[in-house]
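Whatever order the structure lists them in is the order used to number ligands and atoms, beginning at 1.
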Amino acid sequence: MQDVLIIGAGPAGLSAALWCDELGLDTLLLEGGAEVGGQLHWIHHPVENYLGLRAENGRELRDLFAARVEEAGFDLWTGVEIESIDVRSKRVRLASGEELQSIFLVVAMGLRRRRLGVPGEAEFAGRGMIESAARDRELFAGRDVCVVGGGDAAVENALLLAEVCPTVTLVHRGKKLRARAEFVERLQGTHCVTVFKEAELVSVLGGERVEAVEIRRRGAIKPFQMAVGGVLVRAGYEPNTELLGGQLETDERGYARVNSEQETSAENVFAVGDVASPLAPTIAGAAGAGATAAKVIAARLNGATK
Ligand SMILES: Cc1cc2nc3c(=O)[nH]c(=O)nc-3n(C[C@H](O)[C@H](O)[C@H](O)COP(=O)(O)OP(=O)(O)OC[C@H]3O[C@@H](n4cnc5c(N)ncnc54)[C@H](O)[C@@H]3O)c2cc1C
């Protein structure tokens, strides 16, 4: 029996664990991935908005966080597959069969990329579906590609692919791109990029690999086909709350509802970071929420409040 079980080792979970450890609580941090850091792995631009630090990219910031965590030396398990979470008893069952229990539970499972759910998207994973332009664009050099989405991530990836691909088609459901002005301006000056607004990707087609996409423009009855050798989807994010299966109050999109002390609707269960921040997902916010939850938990354990 631990004092605190924290699930998810992104900035929120790391901060919660660091604070819990410093406050003398018996803490275990569980991470599903092979490494800590969460979405920091996906940030390829310089991070300049985290107070007091400047990093070339998310990876560099992750390394700083990981070094601090290693120094603190609290219990951290990575590569953990959680089978179920029982919020009432605070029992977490792992796929390995192990069962863990704690007095307090901190949910810090962050977000995942939203999938479109169209035919071909899952089938062509690893065979023409591009996970990250920053990481994989050389593999797609010389191929025509399609990017889906209209926010910062979609436009940034389209710009990166435009450096090595003959044509990039950006497909966006809305009337206007939502990406920051700087990205949109750069896009407008990049001749190999075509933007289809008010259009949707309907399916991904191919044989061994991706060979084409079907796109439907708003108002059109039939989609049209376009030959491409790669497809990248950046259609927003969704919270990783499905393991909690209705045991916590969430909003209509599945984000955990919390009060100002990061408490959820379930007793002694806290949610921190993006999983509980539909409007303001930031590294600073995640780190702050983790600290708040830890301080409140320590106060509760010491009988200071409630
Ligand atoms: C492209 C991009 C650029 C960004 N740029 C900035 C920026 O410039 N400045 C800024 O402040 N923010 C930025 N952000 C947002 C910032 O990265 C997030 O707000 C922050 O990472 C949230 O931290 P978190 O710990 O709440 O969640 P996450 O970082 O999502 O971490 C959640 C962790 O939980 C783990 N997890 C999930 N489910 C399970 C499970 N079932 N079992 C075990 N572990 C699980 C995940 O593997 C992950 O490690 C950016 C995000 C992206 C995607």
### Task
Tell me, with the steps shown, if E131 and R115 meet salt bridge (charged side-chain N to carboxylate O under 4.0 Å, His left out).
CA-CA 11 Å; E131 273 303 310; R115 301 285 168 206; 3.5 Å; yes
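Looking only at side-chain heavy atoms (C-beta outward), R59 and E35 come within less than 4.5 Å of each other. At least one side-chain heavy atom of C146 sits under 4.5 Å from a side-chain heavy atom of V171. Put simply, the side chain of P239 reaches to within 4.5 Å of the side chain of L111, judged on heavy atoms. Using a 4.5 Å heavy-atom cutoff, the side chains of V69 and F74 are in contact.
For R300 and E267, the salt-bridge test fails: no basic side-chain N is under 4.0 Å from an acidic carboxylate O. Checked for salt-bridge contact, E99 and R93 meet the test: a charged N lies under 4.0 Å from a carboxylate O. A salt bridge links E238 with R112: the closest approach of a Lys/Arg side-chain nitrogen to an acidic carboxylate oxygen falls below 4.0 angstrom.
Following chains of ILVMFWY side-chain contacts shorter than 4.5 Å, one cannot reach L232 starting from F196, and the two form parts of different hydrophobic clusters.
Looking at P11 next to ligand 1, an N or O pair under 3.5 Å apart turns up. Note: an N/O pair closer than 3.5 Å links I283 and ligand 1 by distance alone. Between L243 and ligand 1, not a single N/O pair is under 3.5 Å apart. Note: an N/O pair closer than 3.5 Å links D274 and ligand 1 by distance alone. By the 3.5 Å distance cut-off applied to N or O atoms, G32 is counted among the residues near ligand 1. Of the N or O atoms in E35, none lie within a sub-3.5 Å distance of an N or O in ligand 1.
When each of T167, V210, V145 is paired with V228, the side chain to side chain contact (heavy atoms under 4.5 Å, CB included) condition holds for V210 and for no other.
Not a single heavy atom of A153 sits less than 4.0 Å from an atom of ligand 1. Residue H45 places a heavy atom less than 4.0 Å from ligand 1. Distances from ligand 1 to the non-hydrogen atoms of Y50 include no value under 4.0 Å.
Contacts between S277 and ligand 1 below 4.0 angstrom, taking non-hydrogen atoms only, are absent altogether. Under 4.0 angstrom from ligand 1, the non-hydrogen atoms of T282 come from both its backbone and its side chain. Both the backbone and the side chain of A12 come within contact range of ligand 1, each with a heavy atom under 4.0 Å. When non-hydrogen atoms are compared, ligand 1 lies under 4.0 Å from the backbone of L111 (N, CA, C, O) but not from its side chain.
Protein heavy atom in closest approach to atom 9 (N) of ligand 1: N49 OD1, 3.0 Å. Protein heavy atom nearest atom 6 (C) of ligand 1, with residue, atom name and distance: I43 CD1, 3.7 Å. Atom 47 (O) of ligand 1 has E31 OE2, 2.6 Å as its closest protein atom, hydrogens excluded (heavy atom only). Protein heavy atom in closest approach to atom 1 (C) of ligand 1: W42 O, 3.7 Å.
With M109, E242, H41 as candidates, the residue nearest to atom 37 (C) of ligand 1 on a non-hydrogen basis is M109.
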